[in-house]
Protein chains: 2
Amino acid sequence: MLLLIVEGWAARYSTMPDGSRHISHFYLPGDICDLGWLVAPLARQTISALTPIKALAMDREVLQQGMGEDPALAHSVAVHSLHQLESQTEWMVSLGRRSAAQRLAQLLHDLYRRIEGKGRAHHGACALPLSQQHLADFTGMSAVHVCRTLRQLKDLRLIDLRRRQLTIPDLSELDAQTR
Amino acid sequence: MLLLIVEGWAARYSTMPDGSRHISHFYLPGDICDLGWLVAPLARQTISALTPIKALAMDREVLQQGMGEDPALAHSVAVHSLHQLESQTEWMVSLGRRSAAQRLAQLLHDLYRRIEGKGRAHHGACALPLSQQHLADFTGMSAVHVCRTLRQLKDLRLIDLRRRQLTIPDLSELDAQTR
DNA sequence: CGAAATATTGAGACCAATCAAAAACAGTGG
DNA sequence: CCACTGTTTTTGATTGGTCTCAATATTTCG
């Protein structure tokens with residue numbers, strides 16, 4: 001079953017043998033979770049809601065069949081996947097070669113841009129329903145180090161993050177931190 | 001221009017401001033490099049040959065147009081991209097949460113399986129035209145640490161790697177190391 | 001054979017993990 | 001409104017994995 005998220009957040013993650021987690025994708029309202037299941041019906045990863053969720057369900061096999069018949073659908077799935085590949089590639093680079101502070105700045109920047117694109121940000125501020133543990137599980141850090149690194153970014157006035165509210169005074173300045 | 005590699009290896013990588021690199025994909029004979037250019041014509045990453053290369057060139061715009069007209073083509077691009085997404089996701093997890101030894105074991109295992117799939121491996125052995133620096137640039141390690149970690153794997157008789165020749169006595173045992 | 005690239009080894013430094021405890025916060029029922 | 005509970009955040013101290021630097025050995029190749 002594929003879901004089109006209408007309201008709320010979800011995450012796709014792997015659980016390691018020692019119990020720790022790695023989140024590989026956050027799903028926001030408007031996102032479809034998860035097209036990967038079209039080709040890998042035996043999911044190796046878990047998707048679970050981070051907040052209460054409203055979503056529209058689609059039958060996997062219907063979409064699978066449609067992709068074989070409707071050129072426009074197959075085309076849009078292809079374009080969508082290629083874009084996501086580009087974005088994931090960028091994250092492979094970050095996880096491999098960038099510092100903790102850069103990864104955290106990049107994640108907050110990315111998320112803000114996605115939220116903004118959905119019209120849910122105003123005046124540099126938006127709701128961010130993630131705990132520091134969630135940020136850690138995506139960026140490959142410990143929750144403790146996320147806390148410390150977040151403090152650096154706050155002290156530099158690059159971000160403000162309190163009570164699940166993210167404010168970014170200057171988006172381009174935060175972006176500059178990620179390089 | 002897209003290339004279908006006939007002979008030789010290539011890599012797609014990013015260069016960081018400090019001059020270090022991160023390789024996000026290795027291209028083997030039979031691979032197409034790079035479909036990502038269909039949607040992101042302004043490449044942010046570089047692709048370069050690791051060995052002398054023989055390849056077939058395709059015009060990007062021809063394929064782009066074909067994808068809009070030929071359902072089968074769009075479909076196969078979609079399926080191919082979705083599979084690659086799954087594989088990249090697995091690498092995000094590794095770069096974020098697995099140890100250097102696990103990542104190295106995983107890379108060698110992955111590469112061996114791909115080479116084997118192309119009929120270029122025999123009796124657990126295959127040619128691997130990569131330097132330790134290349135392995136380091138993919139796994140997010142330093143070349144020095146690749147050397148030390150490779151030694152561990154060799155001492156455990158999980159692999160043998162000399163003169164660009166990789167031998168894996170027991171594939172499943174190596175795979176077990178990656179978890 | 002000589003030169004360049006690659007691999008190996010050792011010592012020391014550093015970033016980030018872990019452990020542990022306290023403080024702040026959010027949600028619950030009285 | 002408050003006490004109670006569980007979760008999340010913050011802080012400090014310590015440990016550990018991996019990096020960097022530097023020197024030497026080995027391999028590759030013209």
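Sequence lines set the chain letters: A, B, ... in the order given, protein chains first and strands last, and positions in each chain run from 1.
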Check your understanding: Is a salt bridge present between B:Arg157 and B:Asp170, judged by a nitrogen-to-oxygen distance below 4.0 Å?
Key -> no
Check your understanding: Between which nucleotides of DNA chain D, 5' to 3', does chain B make heavy-atom contacts below 4.0 Å?
Key -> D:dT18 to D:dT28
Practice item. Could you state the atom-to-atom distance from CG of A:Leu135 to P of C:dA17 in whole Å? Key: 13 Å
Practice item. Measure the distance from CZ on A:Arg97 to P on C:dC15 and round it to the nearest whole Å. Key: 16 Å
Practice item. Please check if A:Leu135 and A:Leu28 belong to a single hydrophobic cluster, counting links between Ile, Leu, Val, Met, Phe, Trp and Tyr side chain heavy atoms closer than 4.5 Å. Key: yes
Review point. Between atom CZ in A:Arg162 and atom C1' in C:dA26, what is the gap in whole Å?
Key: 17 Å
Check your understanding: Between B:Asp155 and B:Arg151, is the closest basic N to carboxylate O distance under 4.0 Å?
Key -> yes
**Study point:** side-chain N/O B:Lys154 vs C:dT8 OP1/OP2, d < 4.0 Å
**Key:** yes
Review point. Reckon B:Arg151 has a side-chain N or O less than 4.0 Å from the OP1 or OP2 of C:dT9?
Key: yes
Exercise for review: Write down the distance between CG (A:Leu95) and P (C:dC15), rounded to a whole number of angstrom.
Suggested key: 19 Å
Check your understanding: For A:Val144 and A:Ser99, take the nucleotide of DNA chain C holding the closest heavy atom to each; which residue's nucleotide lies nearer the 5' end?
Key -> A:Ser99
Check your understanding: C:dA20, C:dA11, C:dA16: which one has an atom nearest the side-chain heavy atoms of B:Arg148?
Key -> C:dA11
Exercise for review: Measure from CD on B:Gln133 to C1' on C:dT6 and round the result to the nearest Å.
Suggested key: 10 Å
**Study point:** Protein-nucleotide distance (B:Asp18, atom CG; C:dC15, atom P), rounded to Å
**Key:** 14 Å
Exercise for review: Report which part of the nucleic acid A:Ser131 touches: base, sugar-phosphate, or nothing (heavy-atom distance under 4.0 Å, all strands).
Suggested key: sugar-phosphate
**Study point:** Interatomic distance, A:His145 NE2 vs C:dC15 C1' [rounded to whole Å]
**Key:** 7 Å
Point to revise | Check ion pair A:Glu86-B:Arg12 (N to O, under 4.0 angstrom) | key: yes
Study note, to complete from the structure: Of A:Val146 and A:Arg163, the one whose closest nucleotide on DNA chain C sits nearer the 5' end is A:Val146
Point to revise | Crowding at NZ, A:Lys154 (>12 non-hydrogen neighbours, <6.0 Å) | key: yes
Practice item. Take atom CG of A:Leu161 and atom C1' of C:dA24, then tell me their distance rounded to the nearest Å. Key: 15 Å
Practice item. Classify the nucleic acid contact of B:Arg164 as base, sugar-phosphate or nothing, counting any heavy atom under 4.0 Å across all strands shown. Key: sugar-phosphate
Check your understanding: Does the distance from a Lys or Arg side-chain N to an Asp or Glu carboxylate O, for B:Asp175 and B:Arg113, drop under 4.0 Å?
Key -> no
Review point. Is it the case that more than 12 heavy atoms not belonging to A:Lys54 sit under 6.0 Å from its NZ atom?
Key: no
